[in-house]
Every structure is written in structure tokens, then in C-alpha cells.
Amino acid sequence: PIDIPPSAVMESLQSKAMEEQTRRQRSEERLRAVKELADKYKSRSSEWEGKYSELSAVTEDLKLKLDKHRKLHRDSAADVAVLKLSIVEKDNHLMEEEKKRHLLEANWRNSRMEVEQLQEELKNQRQETQIAKSKVKQLTLQLEIQQEKDLAV
């Protein structure tokens with residue numbers, strides 16, 4: 001704990017009390033001034049009644065303008081909300097289209113690989129067919145030779 005001399009505490013409290021008293025005096029002076037003004041304006045009430053009606057008309061006009069401004073602001077805010085929603089929907093649609101594109105690309109690659117595989121299989125089958133045809137020709141020749149030998153005997 002910090003040791004604070006009682007005289008310092010007393011000085012601080014007196015200072016705060018003085019400040020509070022000064023604030024109160026100023027508030028009282030302001031209150032007196034306001035009361036004096038109120039009394040002064042009360043004495044001119046007929047003059048102020050006309051000004052009050054003018055002020056009321058201006059206030060009403062301002063209220064109408066403010067209401068119009070608020071409506072425009074609400075309409076603008078609603079338009080912004082609709083635009084934001086539209087942007088989100090379009091963004092979602094673009095993301096879906098991007099997913100579809102990726103799927104199509106993957107399918108195309110897979111199909112391309114399948115086509116290449118089928119082409120390889122077809123090539124192998126053609127080679128096998130050529131080999132088989134060669135064997136058939138060879139066997140046919142051997143058969144013909146064997147038949148001619150058999151006929152010659």
C-alpha cells in the first residue's frame with residue numbers, strides 16, 4: 001500500500017469539493033439565466049405564438065422531408081439487399097457451373113482414357129486377327145499340300 005499523507009487527501013477532497021461547488025454555482029447561474037429568459041419570453045407570448053405556428057409548419061415540412069428521406073433510404077437499402085442476394089445467387093450459380101465444368105472435364109478425361117484404351121485393345125485385336133489369319137492361311141496351305149500328297153499317293 002502507498003502511504004498518502006492525510007494532508008494530501010484533505011487537499012484533494014477540498015479541491016474536489018471546490019470544483020463541485022464551482023460546477024453547482026455555474027449550473028445555478030445557467031438555471032437563473034434560463035429562468036430569466038423564460039420570463040422574458042413569457043412576456044412576449046403573443047409574438048412567440050406566431051413564431052411557434054411558423055416553426056410548427058417548418059417542423060411539419062421537415063418531418064415530411066425526413067419521412068420521404070427515410071422511405072428513400074429504406075427503398076435503397078432494400079435495393080441493395082436485393083442486389084446482394086442476386087450477387088450471392090449468381091455466385092452460387094457460377095460455383096455450380098464451375099463444379100459441372102470440372103465434372104465434365106473429368107468425364108472427358110476419363111472418356112478420352114477409355115477411348116485410348118479401346119483403341120489399344122482394337123489394335124491388339126487387329127494384330128491377333130492378323131496373326132490368326134496368317135495361321136489360317138498357313139494351315140490352309142499345309143492342308144492343301146497334305147491333300148495333294150494324299151491324292152498323289
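R70 CZ to S76 OG: the interatomic distance, rounded to the nearest 0.5 Å, is 15.0 Å. Distance CD/Q142 to OG1/T140: 9.5 Å, rounded to 0.5 Å. N107 CG to K100 NZ: the interatomic distance, rounded to the nearest 0.5 Å, is 13.5 Å. Atom NE2 of H69 is separated from atom CG of L64 by 14.5 Å, given to the nearest 0.5 angstrom.
Ion pairing of E97 with R101 is absent here, as no side-chain N (NZ or NE/NH1/NH2) approaches a carboxylate O to less than 4.0 Å.
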Let's go through D39 and K35 carefully: what are the C-alpha distance in whole Å and the side-chain angles of both, what is the deciding distance for salt bridge (charged side-chain N to carboxylate O under 4.0 Å, His left out) to 0.1 Å, and is it a yes or a no? CA-CA 6 Å; D39 291 342; K35 283 182 181 178; over 6 Å; no
Does the pair Q130 and Q127 meet the rule for a side chain to side chain contact (heavy atoms under 4.5 Å, CB included), with working shown? CA-CA 5 Å; Q130 287 298 324; Q127 287 176 349; 5.6 Å; no
Tell me, with the steps shown, if E36 and R32 meet salt bridge (charged side-chain N to carboxylate O under 4.0 Å, His left out). CA-CA 6 Å; E36 288 173 7; R32 245 181 274 118; over 6 Å; no
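Q21 places a side-chain heavy atom less than 4.5 Å from the side chain of M18. Counting only heavy atoms from C-beta outward, the side chains of K71 and R74 approach each other to under 4.5 Å.
By the 6.0 Å contact criterion, NE2 on H102 is enclosed, its count of non-hydrogen atoms from other residues, nucleotides or ligands being greater than 12.
Shown here are the side-chain contact (heavy atoms from CB on, under 4.5 Å) partners of A33, two or more places apart in sequence or in another chain: there are none.
Listed by first and then second residue, the salt bridge (Lys or Arg N to Asp or Glu O under 4.0 Å) pairs involving residues 18-29 are E19-R23, E20-R23, E20-R24 (not counting sequence neighbours). Screening residues 124-153 for salt bridge (Lys or Arg N to Asp or Glu O under 4.0 Å), with sequence neighbours left out, gives no hits. Applying the side chain to side chain donor-acceptor pair (under 3.5 Å) rule to pairs touching residues 110-125 yields nothing, sequence neighbours excluded.
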What pairs of donor and acceptor atoms, side-chain ones from residues 79-95 against any protein atom, are under 3.5 angstrom apart with sequence neighbours left out?
unit_1, atom_1, unit_2, atom_2, d
N92, ND2, V88, O, 3.4

Identify all side-chain donor-acceptor contacts of residues 55-63 below 3.5 Å with residues at least two apart in sequence or on another chain.
unit_1, atom_1, unit_2, atom_2, d
S56, OG, Y52, O, 2.9
T59, OG1, L55, O, 2.7
D61, OD2, K65, NZ, 3.4

